Every structure is written in C-alpha cells, then in structure tokens.
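All figures in this text were calculated on a predicted structure; none of them were measured in a lab. As a basis for the values below, the full set of heavy atoms in this structure was taken, side chains included, without hydrogen atoms, waters or symmetry mates.
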Amino acid sequence: MKVPRLVNPVIGAGIAVTFKLFRLTFQIRVRNDQRERLVQRTGKQYALAILHAHQLAALSLSAPKVGAMVSRSRDGDLLMPLLRGNGCVPIRGSSGSGEKGGATALSKMIRHVKDGNPSVIAVDGPRGPRGVAQKGIAMVAIKADVPIVPVVLIPRRRWILPKAWDRMQILLPFTLVDALFGDPIFPTPGQTVDDLRQKVAESLRAMEHRMDPKEAELCDRLCREKAGKRRARSGQKSVSVNRRADETSGSLEGTSNPESRTQPGCDSDNRFQAEVHREAA
C-alpha cells in the first residue's frame, strides 16, 4: 500500500526526533577542520563538499544556517524536518543538470552563500554514479566566489544500505564519527566547472581511501562493474542503430540536409549552466 504524501511530514518529524536523540550519544573526532580560520582569513563563507552516502553523518557537524539541497521527491519530504531540526536551511531541488528544479535550487543556493551563509552539497547526488562530482558544487563556488571544503565522515558503528546506489550509511547509537577535512579548494580565474569538480572528486576519493579503505575499494569495484555494464548496453544499442541506419540509408539519400539534422550529444549542460547564471544574477 502506497503511503499518502501528506503523511510524509509526520514520518519525517519522527525521523528528526529519533536522530536528535541518537546524536546525543555520538562522539565526533575532527581532523584538519580549517573552516573557522578560513572564514576569518577570507571574510567569505564556504561550500562544504560531501559524498551522498555521508549525508546523515554530516548532520552531526552541521553549522547554523548552512544551506542544504534536498530533492523535491517523497524522500526529500522526509528529510525536511531532519534538516531543519539540525539547524540547516533546506533548499528544494537538485544539484544535477536535468533534474527537476535543479537550476532554481542552485541559483537559490548561490544567493544563500552570497548572503554570508555556508552551504553543503552531496557532490555525487542525486543519482550518482557514486563518487563522481556533479557540476553543482563547482558552480556554487565559482558564482559565489567561495572556497570548497571537502570532508569525509565515517561512522564506526553503522548500517550500510547495500542495495542503494550510494551505499548510504546509517549511524547507530554510541558511534564514533571520524571527520577528516581536506584542504580548501579555491576557484581560480578562468578555471572550468569540469576542472574544479574533478579536483573535488579526487580529494574526496583520496580521503575516503585513507579513512575507510575497505568501503572505498568496494565502492570503486562496484562502480567499475556498473560502468562496464553500461558500456556493454550502449554498444549493443549502437550496433542495433547502425544496422537500422544501413538498412534505410538508401531511401534517405538526397532527402535530408546534413546540416539541419539534430546533432547527437546536444550540450544540455551548457543550457543548464546558463539558466543557473541567469536566475542567480
């Protein structure tokens, strides 16, 4: 039986209360946390970069008024009371291009940071692949002109959801949370979004391998296997498309203008970035 969406806030409130009680039992061990010095030195806030699997652990270190993206899905409805109960400012939408409300959410996040507030983004959300940073974190940093602070948070007592794409980690009571912060990553003049997000992904990957090597290696292997399956399916589709194209090429010759055809791989990411820039301006 499908649970009505109106019930989600009630369930979410129960989750928020439970987490708050659990949080009283957590111990936090922090390493290389430069956030306070960074704000004092630069006079700016920061964009915290985390892995999607570490979202719950990140709430144990949430700063006041930190902006946090949450999807417009039913799962997002459940998270709203949890985020508010831990001092976060929920911003509905997604940091992924092509996602519902993505450009609007990013533009709101950029304004939130420009107004002097920190932000946190699960860089590989909302659908993965795990560990692959999407464009959102880089766009916020470049547009708001703030550094990115990567961090991995490893609960030592946890329940891992093995069927989830990110292997989400649920904190258990009385756990020790190991938080390792990376050195701030500053956007540089002329730096591309792709270059910046790649640096963030590399930093998070290196820190996860240092702090949680077994889980990191397992996730790397699973990602390689999934990528191999996707390539195989793509290859099969390409063969099928080419075969059909060969069968019909004779009848199409002379009837179409090559320059007028829709080009494959149309750059939707560029349109997404343009929309973000327009809304954030």
Side-chain angles (χ1 to χ4, degrees), residues 1-30 47-96 99-102 104-105 108-109 112 117-128 130-131 134 136-137 151-179 204 208 212 215 219:
M1 180 179 177
K2 195 172 184 179
V3 178
R5 191 160 185 171
L6 290 174
V7 180
N8 284 356
V10 178
I11 300 174
I15 294 173
V17 170
T18 302
F19 184 85
K20 208 151 194 176
L21 292 174
F22 280 15
R23 185 173 175 174
L24 295 174
T25 72
F26 297 162
Q27 294 182 25
I28 315 295
R29 182 164 57 196
V30 177
L48 202 66
I50 64 171
L51 293 172
H52 198 271
H54 297 168
Q55 287 184 100
L56 292 179
L59 286 175
S60 63
L61 280 176
S62 58
K65 296 185 180 181
V66 62
M69 283 195 183
V70 57
S71 72
R72 295 182 177 181
S73 65
R74 290 175 181 270
D75 290 343
D77 293 343
L78 295 175
L79 287 174
M80 291 289 284
L82 179 60
L83 292 171
R84 289 194 178 113
N86 285 274
C88 299
V89 178
I91 297 174
R92 299 305 297 265
S94 165
S95 62
E99 298 296 330
K100 186 177 181 181
T104 299
K108 288 181 179 178
M109 179 69 87
H112 182 77
N117 303 294
S119 66
V120 59
I121 296 180
V123 300
D124 50 350
R127 299 175 183 173
R130 191 189 192 281
Q134 305 299 320
I137 185 69
V151 58
V152 295
L153 305 106
I154 312 299
R156 298 307 176 184
R157 295 185 70 247
R158 61 190 175 185
W159 175 36
I160 295 177
L161 304 182
K163 298 292 185 181
W165 67 265
D166 61 345
R167 290 178 57 83
M168 173 66 76
Q169 300 180 17
I170 310 297
L171 289 75
L172 298 178
F174 303 100
T175 187
L176 169 67
V177 179
D178 263 324
L204 287 171
E208 188 181 25
D212 198 9
E215 181 67 11
C219 290

Distance, nearest 0.5 Å, that separates [atom1] of [X] from [atom2] of [Y]:
X      : Y      : atom1 : atom2 : result
Ile137 : Met109 : CD1   : CE    : 8.0 Å
Lys108 : Met69  : NZ    : CE    : 10.5 Å
Arg84  : Leu79  : CZ    : CG    : 11.5 Å
Ile121 : Gln134 : CD1   : CD    : 11.0 Å
Leu161 : Asp166 : CG    : CG    : 8.0 Å
Phe19  : Ser60  : CZ    : OG    : 6.0 Å

Which atom names give the shortest non-hydrogen contact between [X] and [Y], and what distance separates them?
X      : Y      : result
Ile91  : Ala105 : CG2-O, 3.6 Å
Gln169 : Pro155 : OE1-CD, 3.3 Å
Val66  : Ser62  : CG1-CB, 4.3 Å
Ile160 : Arg158 : CD1-NE, 3.7 Å

Partner set under side chain to side chain contact (heavy atoms under 4.5 Å, CB included) for Val30, not counting sequence neighbours =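 Scan of Val30 (side chain to side chain contact (heavy atoms under 4.5 Å, CB included), adjacent residues dropped) gives Ile28, Asp33, Leu61, Ala179, Phe181.
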
Side chains of Leu59 and Leu82: does their closest heavy-atom pair fall under 4.5 Å?
->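 When only atoms from C-beta onward are counted, Leu82 and Leu59 do touch, with a gap below 4.5 Å.
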
Is any side-chain heavy atom of Arg92 less than 4.5 Å from a side-chain heavy atom of Met80?
->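 They are in side-chain contact.
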
His52: what forms a ring pair (Phe, Tyr, Trp, His ring centres under 6.0 Å) with it, not counting sequence neighbours?
->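 Result, ring pair (Phe, Tyr, Trp, His ring centres under 6.0 Å) vs His52: Trp165.
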
Asp124 side chain to Arg130 main-chain N or O, any donor-acceptor pair under 3.5 Å?
->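 Not at all, since once roles are kept as given, no pair shorter than 3.5 Å links the two residues.
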
Within the distance-only criterion (no hydrogens, no angle test), does the side chain of His112 pair as donor or acceptor with the backbone N or O of Ala68 below 3.5 angstrom?
->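 Pair absent, no side-chain N/O of His112 close to backbone of Ala68.
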
If a pair satisfies side chain to side chain donor-acceptor pair (under 3.5 Å) and one of its residues is in residues 15-27, list it, with sequence neighbours excluded.
->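 Checked against side chain to side chain donor-acceptor pair (under 3.5 Å) - neighbours excluded - the pairs reaching residues 15-27 are Arg23-Asn86.
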
Name each donor-acceptor pair under 3.5 Å that joins a side chain in residues 171-178 to protein atoms two or more places apart or in another chain, with its distance.
from: Thr175; atom 1: OG1; to: Arg156; atom 2: N; distance (Å): 3.2
from: Thr175; atom 1: OG1; to: Arg157; atom 2: N; distance (Å): 2.8
from: Thr175; atom 1: OG1; to: Arg157; atom 2: O; distance (Å): 3.2
from: Asp178; atom 1: OD1; to: Arg29; atom 2: NE; distance (Å): 2.6
from: Asp178; atom 1: OD1; to: Arg29; atom 2: NH2; distance (Å): 3.1
from: Asp178; atom 1: OD2; to: Arg29; atom 2: NH2; distance (Å): 2.8
from: Asp178; atom 1: OD2; to: Arg156; atom 2: NE; distance (Å): 3.0
from: Asp178; atom 1: OD2; to: Arg156; atom 2: NH2; distance (Å): 3.1

Got a sec, which residues hit side-chain hydrogen bond (donor to acceptor under 3.5 Å, both in side chains) with Arg167, two or more places apart in sequence or on another chain?
->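 Glu215.
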
Within residues 67-91 or reaching into it, pairs that qualify as ring pair (Phe, Tyr, Trp, His ring centres under 6.0 Å) - sequence neighbours excluded |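 Found none.
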
Residues Val152, Asp212; criterion side-chain contact (heavy atoms from CB on, under 4.5 Å); working and verdict = CA-CA 9 Å; Val152 295; Asp212 198 9; over 6 Å; no

